[in-house]
Amino acid sequence: MNFKPFFSGILAATVAASAWSIDGTVSNESGAPLAGVAISTFNYGGINSTTDAAGKFAIDSNKAMALASMASQGKMAVKRDGFMLNVSNPNGGAFNVSLMNALGKVQMQKEFNDLNASIDLKKFGDQNLMIVKVSSSSVNENYVLSNGALMKVGDVLPMLQFSLTGYTNYVYNMTAEVETGVKIVMEKAGATPASSSSEKPASSSSVASSSSATPVSSSSLELVVNCAGKTYAAGEHNMSVTVDGKQRTFIMRVPSAYKGDKPVPLVVDYHPIGGQSASHMNSSGYKTYTDAIGGISLYPQGTTKTMGPGWNVGPCCSYDDDIKFSREMIKKVEEMVCIDTKRVYAAGFSMGGGMSNHVACNMSDVFAAVAPAAMDLNTVNSAACSPVRPISIIMFRGTADNVCRYEGGDSGFNDGLNFLGAKKNFKFWGDKNGCNTASSITNSDGCEEYTGCKDGVRVVLCTKQGGGHDYGDAKVGWPFLNSFTMP
């Protein structure tokens, strides 16, 4: 392999933190420390913390995410501990690690067959700038070692939420991989906000059911799709469409199992607020399953209004028509690759979960089923929708979610969003789909499910007791999605 073009491409890419850390204090307007403030993230699932009795907090993503969340989700984790580079692969099997220096010269290229690998970086000279490539059968990720920090290509810095009963939620955007001494000042609920929730505080002193996977249909008519000329090179392709005079972008992932000789399913996977399509693609979990069967997956990029890239599911987060964008994106992809238009699905995490709820409302003529995680419909606009047909939905929620509270209500960000809550969202979809909502059953996945829904659709709520703001379980979500076809 010629690594020089690869190296140049890495340096040209936008790089942000894969490993990051932050510490500081939280106080009220009088300067008194606030204990028990819950801290969670919008765009990094599975990271939660709490301030201590002195109002202090400290979060290290290496410990909070790479070791706990990634391992529990079966994902590879890459972290740096001093001069040691540690790679863990909870899935087992072989994986490769390559190191290149600042000149693009390969310093190491080695295959490992253990669950964990430790590499002594001191053996490879200057570590002020080094490229790390980690790959396996399901992972292909690139990192940069720069000035002591391990950074992942395509990732983003976190947006942190601070919440405490009686106080207005505070959102803090990190701007560096390491921030120390950050001072967060929270206001009593009902007080006039001193600053936008998307701004840093002026006092900041930071340093820098397992359903059958065989699709079923309520129609006996078989869809005939002409696949002629729709072969496509495997890889992650950056695409764009023009919507209302504006260029909108997305990633189309074509797995090596796609041959262009038969129609395949399509999954549209929406990122969280402040997120990026590339990093979400490597976090949500659905690509593993679509890749295995040669399916196509899309990762659209949101646009920014106030809080970073998001979706137009309410007054807060985008000026753009994301329903129109989704339709144009799918239309373009169907012209390029051979898609089974009766097997188009949506998924998403956090605000991406809100968006997949939203498309179920407004694009039930396109999507056969949806799998939102960590967000419900909001009462401002989405919850007044009227889908044109019954649509299957599986929802993933955590009872201790501090970003989109399980019980619902105002978001706490003065952004106009007011959520139904997990149970009301569940009942909303049960009612829209004509289910028997007087009671629910517990299905084989341990999730709640309504029965008697119209046209054979299913409405499912998977609740994780004590679970926070986190991704849905693709091991449950994918078989559910893939068991439905458009009538």
Side-chain angles (χ1 to χ4, degrees), residues 211 213 215-219 223 225 241 243 248 250 252-253 263-271 280 284 286-287 289-290 293 295-300 302 311-313 321-335 337-349 351-373 375-377 381-383 385-396 425 428-430 432-435 453-460 472 474 476-487:
S211 309
V216 296
S217 174
S218 59
S219 172
L223 178 69
V225 178
V241 291
V243 181
R248 300 295 303 274
F250 62 96
M252 180 177 74
R253 180 177 174 86
V264 298
L266 174 70
V267 174
V268 181
D269 202 342
Y270 296 95
H271 67 68
H280 179 65
S284 77
Y286 282 95
K287 73 173 183 179
Y289 298 94
T290 54
I293 63 170
I296 305 296
S297 53
L298 305 182
Y299 304 89
W311 307 105
N312 196 358
V313 296
D321 188 338
D322 290 314
I323 295 296
K324 186 182 291 186
F325 168 40
S326 296
R327 289 185 181 275
E328 290 299 317
M329 173 180 61
I330 293 170
K331 179 181 177 182
K332 178 171 183 174
V333 169
E334 289 175 349
E335 293 172 351
V337 290
C338 196
I339 300 299
D340 184 342
T341 57
K342 287 184 175 290
R343 298 171 65 198
V344 179
Y345 312 110
F349 161 60
M351 183 162 283
M355 186 61 189
S356 48
N357 267 290
H358 195 57
V359 298
C361 278
N362 297 283
M363 295 179 65
S364 60
D365 59 315
V366 173
F367 291 105
V370 299
M375 192 160 284
D376 312 313
L377 291 163
N381 59 354
S382 291
C385 74
S386 297
V388 298
R389 69 166 189 89
I391 181 170
S392 293
I393 181 170
I394 184 168
M395 298 156 272
F396 296 92
N425 204 69
F428 172 94
W429 284 112
K432 288 293 181 183
N433 288 310
C435 308
C453 307
K454 291 180 179 178
D455 298 343
V457 305
R458 297 173 61 195
V459 176
V460 177
V476 175
W478 170 246
F480 178 92
L481 294 177
N482 196 38
S483 67
F484 295 97
T485 64
M486 185 73 73

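Keep in mind that what you see is a predicted model, and the values were worked out from it rather than measured.
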Identified side chain to side chain donor-acceptor pair (under 3.5 Å) counterpart of R327 within the set N362, D365, D321, D322: D365
What pair of heavy atoms forms the shortest contact from L377 to C361, and how long is it? CD2-SG, 3.9 Å
Less than 3.5 Å apart, any donor N or O on the side chain of S284 or Y299 sitting next to an acceptor on the other? no
Residue pair P300 / M329: nearest heavy atoms and the distance that separates them: CB-SD, 3.8 Å
Tell me if a side-chain donor or acceptor on S392 pairs with a main-chain N or O of R458 at a distance below 3.5 Å. yes
Angle between ring planes, W311 versus H271, binned at 30° and 60°: parallel, tilted or perpendicular? tilted
Please give me the minimum heavy-atom distance between G302 and R248, naming the atom from each residue. CA-NH2, 3.9 Å
Would you call P372 and I393 a side-chain contact if the rule is heavy atoms closer than 4.5 Å? yes
For V359 and Y270, what are the C-alpha separation, side-chain angles and deciding distance, and is it a side chain to side chain contact (heavy atoms under 4.5 Å, CB included)? CA-CA 11 Å; V359 298; Y270 296 95; 3.6 Å; yes
Worked check of side chain to side chain contact (heavy atoms under 4.5 Å, CB included) between I296 and V264: CA-CA 7 Å; I296 305 296; V264 298; 3.9 Å; yes
One should read off an interatomic distance between E334 CD and L266 CG, to the nearest 0.5 angstrom, of 7.0 Å
When you measure from the side chain of N357 to the backbone of M375, do you find a donor-acceptor pair of N or O atoms at a distance under 3.5 Å? yes
Nearest heavy-atom pair of G477 and Y286: which atoms, and what distance? CA-OH, 3.6 Å
Taking F484's backbone N and O only, do any of them form a donor-acceptor pair with Y345's side chain (distance below 3.5 Å, no angle check)? yes
Do the non-hydrogen side-chain atoms of V344 and M486 ever get within less than 4.5 Å of each other? no
M395 vs V370 side-chain heavy atoms within contact, under 4.5 Å: no
Donor-acceptor under 3.5 Å (R343 side chain, A368 main chain): no
From M252 atom CE to K332 atom NZ, the distance as rounded to the nearest 0.5 Å: 9.0 Å
So, S297 side chain and V267 main chain: donor-acceptor pair closer than 3.5 Å or not? no
For N425 and W429: C-alpha separation, side-chain torsions, deciding distance, then whether side chain to side chain contact (heavy atoms under 4.5 Å, CB included) applies. CA-CA 6 Å; N425 204 69; W429 284 112; 3.8 Å; yes
